[in-house]
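Step one of this worksheet: look at the structure below.
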Amino acid sequence: MLIPDLDFGCSAGTNCSSNESIGNGTIKLTNGEVPADISKPSFIARVRLFGHATLQRMIEMTPDWLRLAIQGRAAADVLGQLDDGPRRSSAVGSSPNARNVKDAVDVGARKLGKIAVIGVHGWFPTRMVQMFSGEPTGKSEKFCVMMRDALKEYLQESHGVDIQTSDISLFPLVGEGRIEDRVELLLSQITDAEDPPAQQQPANGRKRSSDSSRPASGLDVASPAADSKANPQTNARTPTSSSSDASIQAAKQSAMIAEVLMPERKRRAETLKAADTVFVVTHSQGAPVSAMLIERMIELELIDPHRQRVGMLAMAGISHGPLPYLKDNVVIRYIESEAARELFELMDPSSPQSQRYVGALSTILHKGVRLICIGSWVDEVVPLYSAIIQGVSHPNVYRAMHVDSHHYLDDFLTNLIVFALRLRNMGIYDHDLLIHLSEVVAGSLWGHSGHSTIYAEPAVYKLAIKWLLYSTSSVHLSPSASVPTTTLGLSLDRQHASASGLQTHMSYRPFNATDRLNPFFIPWIMRTLWDEPEIRQNESLRVELRRLVALFDKWAPDTKAGKELKYRLEPVRAAM
């Protein structure tokens, strides 16, 4: 399950004659239409619509860079109202523009054109560690195939658009090492027209097929058993040596599969330039690598966000470092590579790695790249604040969280995190509530696998498609389908800030993840949010706050961190 999710209407070809109740007073628009009780807007609503239409006309006459900033802000605002998350009975359908939003997204879906999917895997443990933990499953080719399947399924079901496999080019980039070393290594796999000497002739004597769409299953790879028969000395090796050889063989096989999935080297750069839509799908350490990679590709004019739709999906990305306590882990300190220890430098905002990463994020967001950051419940490696890039604020960033079904509870803690994520998506400061809640939802190395289950969920990839479609369907790429700008729930000051271009550049609020958090800040944060003017002026957020109070009374946490959180919030509950 993803929270908060987005919903733009029912699947194409299905009968959606009524709205579907999700429970707890939530209404989900299943046909893109507004409920009957608000289908005739009041005089004030019509005046506001006229103002929005006038503003939209002014936006169409503005330069492209300013139009991107304004429309990106509007996208982030509306998504805070159209998703499945908030528990409200009328606010979801309170905008008469719901039909226009759905129509615009439908048009945008039909104009995706040629699609390029770039996969960037995360950090892999050393071969020695893999002998005990097993072979990594979060590989670039998996991300590319999952995104390709999600594109075909989602576009067909939700928008009635059929995309041929030949219209989707896959670029599963493979390479390990430090962050900046990986950037240049992965970039060379796109820009270099000639195959490396080691890959010009595979070991099994078969040449690479010129058909770039051939499935990976058609690749002939010599199995370890066959190698053993070919070399009788293999049987005399120790078990440790055999395991190490198996890991090396698996890595070579993964690289060969990635080569087959990608276009021929001499056509890769041109294929990427010719794409109408570009998705970059990444995990873990791949988040900073991908941001810098996109920056380099923009510099080399391999991609152009002003001409193409460009989106980046960061799954459990390490943006503010891993969980701090892992730094003292024996395996990390004495066995793992330097690339693993480098990730902890991201906890310090003044480190060269952090500054380089933040600079790349600022560049690509300013250029118009849409970024969606999804954290994972009980992630045993990456804290929530790191996965959602807590320190960064920009209209082109959307945040969500993936929760496995067996971990999901519709309780106070879950809804509190949804509420905080929604505030960030609407451009409202959460007073670092998500930083303090990250410890409560963190997993452990023993018994949790949230860090690796996130990339196996198709809904994660579909959410990235929804965000890219919505946030780009009202800009200059499809002017005929422009959506009237709406500011549901935001103050006039924030509206004027967007219209004046002040939100064009990224806002960065640095914090040091190594600093010990004061747990007594949480009650003050909650009390501040309760009195926040932007929240009190938004009916849907007020409804959600009242529901949080009711859920708090029923909440019976069974973990130590959850019990401590409830204990600290008791005085706030009494005041509310």
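The chain is numbered in sequence order, starting from 1.
Two residues are said to be in side-chain contact when any heavy atoms from C-beta on lie closer than 4.5 Å; I428 and N538 fail this criterion. Contact annotation: the side chain of W123 never approaches that of V381 to less than 4.5 Å [non-hydrogen atoms, C-beta and beyond]. Using a 4.5 Å heavy-atom cutoff, the side chains of W530 and V572 are not in contact. Contact of the H436 side chain with the L565 side chain is not registered, since no non-hydrogen atoms from C-beta on lie closer than 4.5 Å. A heavy-atom distance below 4.5 Å is found between the side chains of V441 and M401. Looking only at side-chain heavy atoms (C-beta outward), Y385 and L434 stay at 4.5 Å or farther from each other. You'll find the side chain of V117 reaches within 4.5 Å of the side chain of V281, heavy atoms only. The shortest side-chain heavy-atom distance between H402 and L463 does not fall under the 4.5 Å cut-off.
Every residue two or more places apart in sequence or in another chain was checked for a side chain to side chain donor-acceptor pair (under 3.5 Å) with T559, and none qualifies. Take F552 and apply the ring-ring contact (aromatic ring centres under 6.0 Å, His included) test, not counting sequence neighbours, and it matches F412. Residues satisfying the side chain to side chain donor-acceptor pair (under 3.5 Å) test with D558, not counting sequence neighbours, are none. For E564, there are no side chain to side chain donor-acceptor pair (under 3.5 Å) partners two or more places apart in sequence or in a different chain. Every residue was checked against the side chain to side chain donor-acceptor pair (under 3.5 Å) condition with Q353, not counting sequence neighbours, and none meets it. Partners of P458 under the side-chain contact (heavy atoms from CB on, under 4.5 Å) rule, at least two apart in sequence or in another chain, are M146. The salt bridge (charged side-chain N to carboxylate O under 4.0 Å, His left out) check on E342 picks up R178, with sequence neighbours excluded. Listed by chain and number, the residues in a side-chain contact (heavy atoms from CB on, under 4.5 Å) with L323 are Y325, L326, P383, A442 (sequence neighbours excluded). Considering only residues two or more places apart in sequence or on other chains, H431 meets the ring-ring contact (aromatic ring centres under 6.0 Å, His included) condition with Y429. Remark: K563 pairs with P557 by the side-chain contact (heavy atoms from CB on, under 4.5 Å) rule, at least two apart or across chains.
Ion pair D410/K554 not flagged as a salt bridge, since none of the NZ, NE, NH1 or NH2 atoms sits closer than 4.0 Å to an Asp/Glu carboxylate oxygen.
L416 approaches L548 most closely through the heavy-atom pair N-CD2, 3.6 Å. Summarising the geometry of C373 relative to V397, their closest heavy-atom pair is SG-CG1, 4.3 Å, with the distance given to 0.1 Å. Scanning all heavy atoms of the two residues, the minimum distance from S376 to T453 falls at OG-OG1, 4.3 Å. For A109 against L155, the heavy-atom pair with the smallest separation is CB-CD2, 3.9 Å. Across all non-hydrogen atoms, the minimal contact from I388 to R399 is O-NE, 2.7 Å. Closest approach of A316 and V382 over heavy atoms only: O-CG2, 3.6 Å.
Here the options are Y455, Y154, F279, the test is side-chain contact (heavy atoms from CB on, under 4.5 Å), and the partner is Y461; only Y455 passes. Among L313, V280, V460, the one residue that satisfies the side-chain contact (heavy atoms from CB on, under 4.5 Å) test with M147 is L313.
Checked by atom type and distance alone, the side chain of R542 pairs as donor or acceptor with a backbone atom of R536 at under 3.5 Å. Between the side chain of E457 and the backbone N or O of A459, at least one donor-acceptor pair lies under 3.5 Å. Distance alone, capped at 3.5 Å, is enough to place a donor-acceptor pair between the T414 side chain and the L409 backbone. With S386 contributing its side chain and P322 its backbone, the two residues share no donor-acceptor pair below 3.5 Å. Counting only distance, with no hydrogens or angles, the side chain of S290 and the backbone of T282 share no donor-acceptor pair below 3.5 Å. Here the side chain of T528 pairs a donor or acceptor atom with the backbone of W524 at under 3.5 angstrom. Side chain of S362 to main chain of V358: no donor-acceptor pair is present (N/O by atom type, distance under 3.5 Å, no hydrogens or angles).
Taken from CG in L437 to CG in L413, the straight-line distance is 6.5 Å, to the nearest 0.5 Å. Note: I364 CD1 to M506 CE = 9.5 Å, rounded to the nearest 0.5 Å. Here the straight-line distance linking atom CG of L551 with atom CG of N415 works out to 5.0 Å at 0.5 Å rounding. Atoms CE and CG, on M526 and L545 in that order, are 6.5 Å from each other to the nearest 0.5 Å. To the nearest 0.5 Å, the span separating CG on L529 from CD on E534 amounts to 11.0 Å. Taking OG of S438 as the start and NE2 of H320 as the end, the distance is 10.0 Å to the nearest 0.5 Å.
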Could you give the side-chain donor-acceptor pairs of residues 508-517 under 3.5 Å, partners two or more places apart or in another chain?
residue: N512; atom: OD1; partner: T514; partner atom: N; Å: 3.0
residue: N512; atom: OD1; partner: T514; partner atom: OG1; Å: 2.4

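The closest side-chain donor-acceptor pair between Q390 and R424 falls under 3.5 angstrom. Side-chain contact annotation: S319 with Y357, donor-acceptor N/O pair under 3.5 Å present.
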side-chain contact (heavy atoms from CB on, under 4.5 Å) evaluation trace for I522 with L569: CA-CA 7 Å; I522 296 181; L569 289 177; 3.7 Å; yes
Can you list the steps and then say if H159 with L469 is a side-chain contact (heavy atoms from CB on, under 4.5 Å)? CA-CA 11 Å; H159 303 286; L469 279 176; 3.9 Å; yes
For H451 and H283, run ring pair (Phe, Tyr, Trp, His ring centres under 6.0 Å): C-alpha distance rounded to whole Å, both residues' side-chain angles, the deciding distance at 0.1 Å, then the answer. CA-CA 9 Å; H451 190 61; H283 174 254; 4.5 Å; yes
L433 and L423: CA distance, side-chain angles, deciding distance, side-chain contact (heavy atoms from CB on, under 4.5 Å) verdict: CA-CA 10 Å; L433 175 62; L423 293 181; over 6 Å; no
Residue pair L371, V392: steps toward the side-chain contact (heavy atoms from CB on, under 4.5 Å) verdict: CA-CA 11 Å; L371 171 61; V392 168; over 6 Å; no
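Pairs passing the salt bridge (Lys or Arg N to Asp or Glu O under 4.0 Å) check and including a residue from residues 430-444, sequence neighbours excluded, do not occur.
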